[in-house]
Novice: 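Take a look at this one; I'll ask things after.
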Number of protein chains: 2
Amino acid sequence: MDKVQFTIMTNSRHITGSDIPWYPDGMSDLLERLRTRGWRLTAQRRVVAEVLDGDHVHLTADEVHARAARLLPEISRATVYNTLGELVTLGEVLEVSTDGRARRYDPNAHHAHQHLVCSHCGTIRDVHPVGDPLAALPAGERFGFTVSDVEVTYRGTCPDCSATAA
Amino acid sequence: MDKVQFTIMTNSRHITGSDIPWYPDGMSDLLERLRTRGWRLTAQRRVVAEVLDGDHVHLTADEVHARAARLLPEISRATVYNTLGELVTLGEVLEVSTDGRARRYDPNAHHAHQHLVCSHCGTIRDVHPVGDPLAALPAGERFGFTVSDVEVTYRGTCPDCSATAA
DNA sequence: ATAGTGAATTGGACTTTGTCCATGTCGTGG
DNA sequence: CCACGACATGGACAAAGTCCAATTCACTAT
């Protein structure tokens, strides 16, 4: 996130997506979409959205907060947690819990994909398995549940960790 | 875990599996197996193993500690965490992180299965999908990882929660 | 049966991750 | 440009897990 250094304008000035021309298209779309859903557009939310859109890595809430704070130093942890929670509820961001530690947030919510995580260093990669994992669960194995979603986590050792271990 | 009330004997007496005849077969097997692997058989480890073997639910570490403490009141949380970690390392117990909160421990490590969790109440059921989920990840999608395991979590609403929501 | 020794246990401090709430600020519709 | 209600703040709190020095104890060899 070293690509552009800038400071968000004061909140009292009305900022629209077009005021910040270096936003990637996907994000102004996102912000616009949320605004029409009644989302109030605050500097904090804008910055959180930008951080998520930045690198397509899977950040923890604290990492999001750290990066957001570089753009908007006074942003609070609580706000980051709130905003992430809202984005998840709105279906714009996925929450993945791969290790029982910090939840990670995946901005790539609109393309079906699964995760490949390194048991050593924790890195996560998006992967695209073939076939629909939901289809693998026959009705007789659903116990009356209404199944709405599958989360598949492949675990293994990434190339870097294999190299250092050897 | 109300079925049998008893107190573990003092550690200084040598206790073998056969001293505690009401252990289910599976467990004395487990303990014996671990002992031949060089595991020191302490009262604490014994109790943790018994708790896991008790109901085949998916307990959190704290739940394991609470149940273990009914049998061995002075057992410490650290020991429970240690023991669970060892059992996981030894491959006798599976660790599942379904909700980004507490990790849960699944004693059913020797039969391949996956999990079905209710998004409302958090209940977990073991399910057996058809086919091998590992096979769904083509080599081209592995990015040099050595993939060793897959964890599949189906999410949905259980019958009880569907009923109360309606 | 007993002693020695290194592994296991203890409990308490500490860290990480996340939630809650009262107060104050600011985005937005009018 | 005002008012109002949604949003942000930060600090206290809670939950989940780790770490460590001191102590206890299981196992092996005698």
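Both backbone and side-chain heavy atoms feed into the values below; hydrogens, waters and symmetry mates do not. Reminder, nothing fancy here: chain letters follow the sequence lines and each chain counts from 1.
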Novice: Considering only heavy atoms from C-beta outward, does the side chain of A/Cys118 approach that of B/Phe145 to under 4.5 Å?
Specialist: yes
Novice: Would you say that A/Val51 contacts A/Tyr105 through its side chain, given a criterion of any heavy-atom pair below 4.5 Å between the two side chains?
Specialist: no
Novice: Using atom CG of A/Leu72 as one end and atom C1' of D/dT9 as the other, report the distance to the nearest whole Å.
Specialist: 12 Å
Novice: Which whole-number value in Å describes the distance from B/Asn82 CG to C/dA7 P?
Specialist: 14 Å
Novice: Is there a side-chain contact between A/Val48 and A/Ile75 (heavy atoms, below 4.5 Å)?
Specialist: yes
Novice: Toward the 5' end of DNA chain C, which comes first, B/Arg40 or B/Thr79, by nearest nucleotide?
Specialist: B/Arg40
Novice: If the cut-off is 4.0 Å, is B/Gln44 near the phosphate of C/dT10, judged by side-chain N/O to OP1 or OP2?
Specialist: yes
Novice: Only one of B/Glu63, B/His115, B/Arg103, B/Arg104 passes side-chain hydrogen bond (donor to acceptor under 3.5 Å, both in side chains) with B/His58; say which it is.
Specialist: B/His115
Novice: Over how many whole Å does the gap from B/His65 atom NE2 to D/dG17 atom P extend?
Specialist: 13 Å
Novice: Using a strict threshold of under 4.0 Å (side-chain N to carboxylate O), is an ion pair present between B/Arg37 and B/Glu92?
Specialist: yes
Novice: Without decimals, in angstroms, what is the distance between A/Arg37 CZ and D/dA6 P?
Specialist: 18 Å
Novice: Name the pairs: protein N/O against N/O of nucleotides 15-19 of chain C, kept only if under 3.5 Å.
Specialist:
unit_1	atom_1	unit_2	atom_2	d
C/dG18	OP1	A/Arg103	N	2.9
C/dG18	OP2	A/Tyr81	OH	3.2
C/dG18	N7	A/Arg77	NH2	3.0
C/dG18	O6	A/Arg77	NH2	3.2

Novice: Can a donor-acceptor pair be found, under 3.5 Å and without considering hydrogens, that links the side chain of A/Glu141 to the backbone of B/Pro129?
Specialist: no
Novice: Using whole Å, report how far CG of A/Leu34 lies from P of D/dA6.
Specialist: 18 Å
Novice: Take the protein atom CZ of B/Arg45 and the nucleotide atom C1' of C/dA8, then report the distance between them rounded to whole Å.
Specialist: 6 Å
Novice: Could you give the CD1-to-P distance, from A/Ile75 to D/dC7, as a whole number of Å?
Specialist: 14 Å
Novice: Of the options C/dT9, D/dA8, D/dC27, whose atoms approach the side-chain atoms of B/Thr42 most closely?
Specialist: C/dT9
Novice: Within the structure provided, determine whether A/His111 and A/Asp126 are in side-chain contact (heavy-atom separation under 4.5 Å).
Specialist: no
Novice: Short of 4.0 Å, heavy atom to strand atom, which residues of residues 84-99 of chain A count as contacting DNA chain C?
Specialist: none
Novice: With heavy-atom distances below 4.5 Å as the criterion, would you say the side chains of B/His113 and B/Asp106 are in contact?
Specialist: yes
Novice: Can you list the other members of the hydrophobic cluster that holds A/Val117, where links are side-chain heavy atoms under 4.5 angstrom apart?
Specialist: A/Ile124
Novice: Check the distance between D/dA16's P and B/Leu59's CG and give it to me in whole angstrom.
Specialist: 13 Å
Novice: Between D/dG10, C/dT10, D/dC27, which one does the side chain of B/Glu74 approach most closely?
Specialist: C/dT10
